[in-house]
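A short write-up of the structure that comes next.
Index from 1, following the sequence. Side-chain atoms are counted along with the backbone in the values below, which use heavy atoms only and exclude waters and symmetry mates.
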Amino acid sequence: MSVTEKKHECLLCLGSNSDGTMHLQNAEKMLNGLFPAIRWGEILSTPAEGNALCALPYLNRAAVIYTPMGMKEVKDILKKIESDNGRTPDCKRTGIIPLDIDLLKFDNRILKPEDMKKNYVRQALQSLSR
């Protein structure tokens with residue numbers, strides 16, 4: 001990578017309501033390997049929000065990564081990490097989420113404005129500044 005290559009700032013929120021500690025640790029290890037300049041927030045336990053299928057509490061964590069990759073490539077990597085941790089299309093139907101990684105923001109572009117208003121996201125983001 002050249003010195004002048006642009007680094008994009010990406011804001012992530014990770015969550016799990018099934019073996020959360022293990023899945024968040026797996027994701028941390030994988031993301032640390034791909035994005036060495038990552039900055040992590042605390043792991044927080046939060047109640048389920050807006051999911052009538054499953055009321056299990058979640059473990060959530062925010063992170064900021066810096067990368068020269070484009071948005072599609074980052075999203076593809078996040079989806080692969082989710083699936084490597086047991087996430088399947090059936091998870092939304094059952095409400096059991098081994099790992100969810102949302103790309104909330106890419107540079108100054110908010111990709112999930114509704115998620116940014118959710119309590120668990122706001123709590124996770126606050127822990128990044130501590």
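- A ring-centre distance under 6.0 Å is found for F106 and H8.
- The side-chain heavy atoms of L104 and V121, taken from C-beta on, include a pair separated by under 4.5 Å.
- Across all their heavy atoms, C10 and T67 have their closest contact at SG-CG2, 4.1 Å.
- The hydrophobic clustering, which links ILVMFWY residues whose side-chain heavy atoms are closer than 4.5 Å, places Y120 and I110 together.
- In this structure, C13 and A124 approach most closely via the heavy-atom pair SG-CB, 4.3 Å.
- Formation of a donor-acceptor pair under 3.5 Å by the H23 side chain with backbone atoms of N85 is found in this model.
- I77 and I65 fall within a single hydrophobic cluster, where Ile, Leu, Val, Met, Phe, Trp and Tyr are joined by side-chain heavy atoms under 4.5 Å apart, directly or via other members.
- For the side-chain contact (heavy atoms from CB on, under 4.5 Å) test, residues two or more places apart in sequence or in another chain that qualify with S18 are I96.
- Here the straight-line distance linking atom CD of E82 with atom CG of D100 works out to 5.0 Å at 0.5 Å rounding.
- The two residues D107 and K6 have their closest heavy-atom pair at OD2-CE, 3.8 Å.
- Note that the OG atom of S45 and the OH atom of Y58 stand 12.0 Å from one another [nearest 0.5 Å].
- Residues R93 and D90 are paired through a salt bridge, judged by an N-O separation under 4.0 Å between the basic side chain and the carboxylate.
- The shortest distance between side-chain heavy atoms of L11 and L125 falls below 4.5 Å.
- Nearest heavy-atom pair across P98 and G86 is CG-O, 3.5 Å.
- For the salt bridge (charged side-chain N to carboxylate O under 4.0 Å, His left out) test with D102, the passing option among R61, K79, K112 is K112; the others fail.
- When every heavy atom of L59 is checked against every heavy atom of G20, the shortest pair comes out as CD1-C, 3.6 Å.
- At a threshold of 4.5 Å between non-hydrogen side-chain atoms, the residues L103 and L12 count as touching.
- Listed for the R122 side chain is a donor-acceptor partner under 3.5 Å among the backbone atoms of K117.
- Linking ILVMFWY residues whenever their side-chain heavy atoms come closer than 4.5 Å, directly or via other members, leaves L44 and L24 in distinct clusters.
- I101 and L111 fall within a single hydrophobic cluster, where Ile, Leu, Val, Met, Phe, Trp and Tyr side chains are chained together by heavy-atom contacts under 4.5 Å.
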Legend entry - Evaluation steps, side-chain contact (heavy atoms from CB on, under 4.5 Å), between E42 and Q123: CA-CA 9 Å; E42 298 172 29; Q123 289 173 14; over 6 Å; no
Would you tabulate the side-chain donor-acceptor contacts of residues 31-41 under 3.5 Å, counting partners in other chains and residues two or more places apart, or write 'none'?
residue: N32; atom: OD1; partner: W40; partner atom: NE1; Å: 2.9
residue: N32; atom: ND2; partner: E28; partner atom: O; Å: 3.3
residue: R39; atom: NH1; partner: L128; partner atom: O; Å: 3.2

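- The pair K80-D76 does not meet the salt-bridge criterion, since no charged nitrogen lies less than 4.0 angstrom from a carboxylate oxygen.
- Between the side chain of N17 and the main chain of L99, no donor-acceptor pair closer than 3.5 Å is present.
- Linking Ile, Leu, Val, Met, Phe, Trp and Tyr whenever their side-chain heavy atoms come within less than 4.5 Å puts I43 and L78 in one cluster.
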